[in-house]
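Chain letters run A, B, ... following the sequence lines, proteins first and then strands; every chain starts at 1. Please read all numbers here as calculations on a predicted model, not as lab measurements.
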Amino acid sequence: MNVQVMYFGMLSETTGLQSESWTLNEQVTVGTFREKVEEKYPLLKGKKFKIAVNKQIATDSVLIGRLSELALLPPFAGG
Amino acid sequence: MNVQVMYFGMLSETTGLQSESWTLNEQVTVGTFREKVEEKYPLLKGKKFKIAVNKQIATDSVLIGRLSELALLPPFAGG
Amino acid sequence: MDKTKKPKKVFVQGPINPDFVAKSIASHQSKTGIGAHALFLGQIRADQKEGGVVTGIEYSAYEEMAEESFHQIRESAFEKFDLICMHIYHSLGLVPTGEISLFVFVSSKHRKVAFEASEYIVEQIKANIPIFGKELVSEGGYVWKENS
Amino acid sequence: MDKTKKPKKVFVQGPINPDFVAKSIASHQSKTGIGAHALFLGQIRADQKEGGVVTGIEYSAYEEMAEESFHQIRESAFEKFDLICMHIYHSLGLVPTGEISLFVFVSSKHRKVAFEASEYIVEQIKANIPIFGKELVSEGGYVWKENS
């Protein structure tokens, strides 16, 4: 299945991308996706980031569904 | 000795005055003055008020000195 | 900065204008150590009283004592909190319902100090400044206001 | 009043102008149940960094998620506190040092609620809204900001 993955703030510098399309197996968890994205972009490993699935911060056990919108979020800086 | 006495807010309505001069004995305390002013203006008895001596809230035991400025202060309403 | 502790003018005649608030904010933009401003504004409510609804408050004060008490609040606030700036404005005379009678403005490096100082100062003002207020009501009378 | 809970526009391009704050205050003068306004303003500090002094912050956000998160903060604040009005504005894009990037405005009948809600909302924003900031420094580089 295809999902859209967005990279924000310093992470878009790390990956060189604002967003891209990923092809994932069905029943992939956020934790598995985290491993895959760190494999693809090794520089992510040292960074703190959260993963949002459909605009909600998700824990590693959450399953990624079809048509999900994923986002890698570095530390927040609002205010 | 003569002291100036000021009446604020609702108390200036009670006494009908903004201020007046009082002749007091030396060594009069705030507590004694309170009794005297309530004697002179019986309607003050039911009211809550504080007495300031030289712009400081004073307790009943404070002695009133020469040239003091006294003020009768009803409940505050700032803000 | 603004830490000189000489007494400052607090009382203004009539309501405090929103444009005055804007000017106060703008005048702090050159103070680049400030990260947080907390502003408190007291607005006159149309409370229901026995003689009708409140249409405004007529403020008076023992001004000389009030200025000294404001000065004491300033000094204690600067001692307690790591503030960069602090301003207090309070109305005298008539302030109609819906308009502003109190403006407390504190600025600090970090937000926590600003929040704490703002609340502290407002509570001190309500409790300790000899300001008196006549709540004018719609049927023509008035009620003396008393802070709780 | 203002209690409709549909999402409201929070983001503004560039700094928040003091005149905008004044207009927001003025627009609440017809709401005569309000007795207390608490305003919080976040201002960009000229902090010293390795690459020089901060000259501004360039803000970006995951806007769609941020709007939803702001909406959740609004809902929880109205649930927790007896508020009459609540407004949040946050900058996107460049905000130079000394200018304002966050404006939180709450109004209530009594002051205590306004103080508590203001602090609650600001803390929620700092912790939960996907906003990112590049602190630009005087020697030409930048540092990514991270809320503590």
Side-chain angles (χ1 to χ4, degrees), chain B residues 2-22 24 29-31 33-34 36-38 40-79, chain C residues 7 10-12 16 40-45 47 54 56-73 88-92 95 99-104 118-136 141-148:
Chain B
N2 283 337
V3 295
Q4 196 62 21
V5 180
M6 295 182 284
Y7 308 98
F8 285 96
M10 70 171 76
L11 305 182
S12 71
E13 295 179 344
T14 309
T15 62
L17 291 169
Q18 305 276 343
S19 71
E20 64 182 337
S21 183
W22 277 61
L24 294 177
T29 63
V30 168
F33 170 71
R34 180 185 288 271
K36 284 177 185 289
V37 77
E38 288 184 349
K40 183 166 180 189
Y41 302 106
L43 288 172
L44 286 178
K45 271 175 203 156
K47 312 252 191 239
K48 275 188 285 181
F49 63 92
K50 291 177 177 172
I51 296 175
V53 179
N54 296 326
K55 307 184 188 79
Q56 298 281 348
I57 304 289
T59 54
D60 279 358
S61 61
V62 167
L63 282 174
I64 296 170
R66 289 180 170 280
L67 303 173
S68 286
E69 183 182 276
L70 303 190
L72 269 65
L73 307 174
F76 299 166
Chain C
V10 168
F11 286 118
V12 298
I16 293 160
F40 179 84
L41 303 171
Q43 183 168 300
I44 310 298
R45 288 196 311 266
D47 281 357
V54 173
I57 296 182
E58 175 88 39
Y59 285 106
S60 59
Y62 181 5
E63 290 189 52
E64 298 78 8
M65 179 176 162
E67 294 283 2
E68 283 188 15
S69 307
F70 277 125
H71 182 62
Q72 283 162 17
I73 293 174
I88 303 172
Y89 302 97
H90 197 292
S91 297
L92 286 181
V95 183
E99 303 223 37
I100 290 158
S101 59
L102 172 63
F103 171 26
V104 173
S118 179
E119 184 160 9
Y120 170 81
I121 293 162
V122 173
E123 296 302 330
Q124 289 288 316
I125 291 169
K126 298 255 179 191
N128 295 322
I129 308 279
I131 294 172
F132 315 103
K134 242 182 195 177
E135 295 182 307
L136 311 178
Y142 59 84
V143 184
W144 286 97
K145 182 179 174 235
E146 185 169 337
N147 283 345
S148 54

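The environment of NZ in Lys36(B) is sparse: at most 12 heavy-atom neighbours from other residues, nucleotides or ligands sit within 6.0 Å.
Note on ring orientation: taking the six-membered ring where Trp is involved, the planes of Phe8(B) and Phe132(C) are parallel (angle under 30°, cut-offs 30° and 60°).
Options Pro74(B), Pro75(B), Ala71(B), Gly79(B) differ in how many heavy-atom pairs under 4.5 Å they form with chain C, and the most are formed by Gly79(B).
For residues 70-79 of chain B, no residue pair satisfies the side chain to side chain donor-acceptor pair (under 3.5 Å) rule, not counting sequence neighbours.
Using a 4.5 Å cut-off between heavy atoms, Ala66(C) makes no contact with chain B at all.
Contact record, Gly133(C) with Ala77(B): N-CB, 3.6 Å, taken as the closest heavy-atom pair.
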Across chain C and chain B, going purely by atom type as modelled, what donor-acceptor pairs are there at a distance under 3.5 Å?
residue	atom	partner	partner atom	Å
Glu13(B)	OE1	Tyr142(C)	OH	3.2
Glu13(B)	OE1	Trp144(C)	NE1	3.1
Glu13(B)	OE2	Tyr142(C)	OH	2.3
Lys48(B)	NZ	Glu146(C)	OE2	2.3
Glu69(B)	OE2	Tyr62(C)	OH	2.4
Phe76(B)	O	Asn147(C)	N	2.9
Ala77(B)	N	Ile131(C)	O	2.7
Ala77(B)	O	Lys145(C)	NZ	3.0
Gly78(B)	O	Asn147(C)	ND2	2.9
Gly79(B)	N	His90(C)	NE2	2.8
Gly79(B)	O	Tyr59(C)	OH	2.7
Gly79(B)	O	Ser101(C)	OG	3.2

